[in-house]
There are 2 protein chains.
Amino acid sequence: MTPMKGLTKMSVQRVSTAEHVRDHITTLILNGDLKPGTPLRENAIATTLGVSRNTVREAVLLLGQSRLIRHEMHHGSIVAEPTKDALINLYDARRGLEVGAVSLPADAEITAGIKSALDDLERAAEGGDDREIVAKDLAFHAATVRSFRSERIDAFYAQLAVELSFFLNALAASRLDYAEDETFLDEHRRIYEAIASEDRAGAARFVQEHIDETIRRLRARLDAVEG
Amino acid sequence: MTPMKGLTKMSVQRVSTAEHVRDHITTLILNGDLKPGTPLRENAIATTLGVSRNTVREAVLLLGQSRLIRHEMHHGSIVAEPTKDALINLYDARRGLEVGAVSLPADAEITAGIKSALDDLERAAEGGDDREIVAKDLAFHAATVRSFRSERIDAFYAQLAVELSFFLNALAASRLDYAEDETFLDEHRRIYEAIASEDRAGAARFVQEHIDETIRRLRARLDAVEG
DNA sequence: CGATGTTGGAACGTACAACAATGTGGGCAA
DNA sequence: TTGCCCACATTGTTGTACGTTCCAACATCG
């Protein structure tokens, strides 16, 4: 058949039960309703949600794509526990991507996106809502990553961001990061201005320092909690 | 318990049937035994491999993490077809990642790894085995990506490399890329030397040109095949 | 008393079978 | 050509059953 003109493609609903269950569990984990270490018992979930155990198994398998859960043979899955190593890994990836991103040339559109994200962040900072600030902070950094001009990399970064927000939430570290640090906004402004003035080496250095500083603070906090 | 001395850790089997099936299907796809567009019929696979349909479903779900198959509700899964868009997306990600990588400072260890990968590539080029050359080529680029110093990014890149080898194999384009291009090795040497001499801007430019050129060639080939 | 053998239960891994939901194609009439 | 109806194929989902693995508690023995 010849395709019909003037008809934009639409995506029909088509969401399987397993995907629904997966999304539900994901939400529970990200909200903190399911705390790290909680086992995901297939039977319990099945009877609670009124679906079959097989469907729950499929949902958990789908969830396994993210790193929000950990699975062991014959033991099932549990909500992932924020390890220091995992968190460092996450920040290593962030630092690599973001430093790499600001080392690349950025056109007007991408720079404008970063500027816009910075404005959002400043507005959120005035508001004082922690979750909002975290979201806008991550959005700012995601905007810088768009310099790669790759949907795949953006998707990868988004995945990291999800994990990150889960980790920070689980550690209840988000408040510490944003409320107590007066230089928080300045660091972001500095990064943006370096990008806008095409000072790529400077931008790279600022991003590196910004993330290193964040890692240092988190590491200290983790040592305090664990040790 | 006190851990026992002189006993090195071993990883016990712990591989589910579904994972076996997934790996089997993955191999078939990468080998080209299952051609793009081939539907993965659950019943057929189940009876052929002597496992239950549910296990096959789990295997296909696991496979869905990669982009080697495409799934549609009530239609099942088919072996992914190499779209021009998908290939461009893949190369966009590669270019972004690799240009970003060589824009970062590389220490002696990483530089040595790149040098070693280059030597492997040169040896493979002498041998003339196409598959070997493709593998060593990808290994070289993976070595540059290690500049990010992030396991996560390396894993992401490895995933891209798997898809890429599938695409190139499906398009039977690998020969064209490596056999007919005399400058192939020189381009890699140039990249390595720029990295070794810490000329990051030069390395970034060379990588960019190398990948742009590859994209241009692939695009031309695709146009010839499709049009 | 400590190390080892035994046992029962909980949860998962896998298989089989059945039904529901959905999409496909054929045939037929207006 | 269009609309309608109907069998057919395949996936989506459920239910059930059974074996396997692991754990914890208890029993046993030197």
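Each chain gets a letter, A, B and so on, in the order its sequence line appears, and its residues count up from 1.
Using modelled atom types and a 3.5 Å distance limit, the side chains of A:S16 and A:E19 yield a donor-acceptor pair.
Look at B:H71 and you won't find any side-chain N or O under 4.0 angstrom from OP1 or OP2 of D:dT10. Between B:T55 and the phosphate of C:dA15, there is a side-chain N or O to OP1/OP2 separation shorter than 4.0 Å.
Computed from coordinates, the A:R53 CZ to D:dT16 C1' distance equals 11 Å when rounded to whole Å. Rounded to an integer number of Å, the gap from CG of B:L62 to P of C:dT14 is 11 Å. C:dG13 atom C1' lies 15 Å from atom CD of A:E72, rounded to whole Å. Taking atom CG of residue A:L61 and atom P of nucleotide C:dC12, one finds them 13 Å apart after rounding to whole Å. One interatomic measurement links the two molecules: CG of A:N54 to P of D:dG15, which rounds to 10 Å at whole-angstrom precision. Atom P of nucleotide C:dT22 and atom NE2 of B:H74 are separated by 5 Å, given to the nearest angstrom. One interatomic measurement links the two molecules: CZ of B:R57 to C1' of D:dT10, which rounds to 11 Å at whole-angstrom precision. Rounded to an integer number of Å, the gap from B:I45 CD1 to D:dA9 C1' is 16 Å.
Residue contacts for B:R41: at a heavy-atom cut-off of 4.0 Å it reaches the sugar-phosphate backbone alone, with no base atom in range. Counting any heavy atom pair closer than 4.0 Å across all strands shown, A:E58 reaches no nucleic acid atom.
With hydrogens and angles ignored, the 3.5 Å screen pairs a side-chain donor or acceptor of B:T48 with a backbone N or O of B:A44. Panel note: side chain A:T83, backbone A:E81; a donor-acceptor pair is recorded below 3.5 Å.
For the pair B:L40 and A:S52, both in contact range of DNA chain D, the more 5′-proximal nearest nucleotide belongs to B:L40. Residues A:S77 and B:H75 each lie close to DNA chain C; by heavy-atom proximity, the contact nearer the 5' end of the strand is made by A:S77.
Side-chain atoms of B:N43 lie closest to D:dT11 of the nucleotides D:dT11, C:dC12, C:dA15.
Looking at A:I29 and A:I69, their side chains come closer than 4.5 Å, going by heavy atoms from C-beta outward.
Ring geometry for A:H188 against A:F140 counts as perpendicular: the plane angle is over 60°, on a 0 to 90° scale with 30° as the lower cut.
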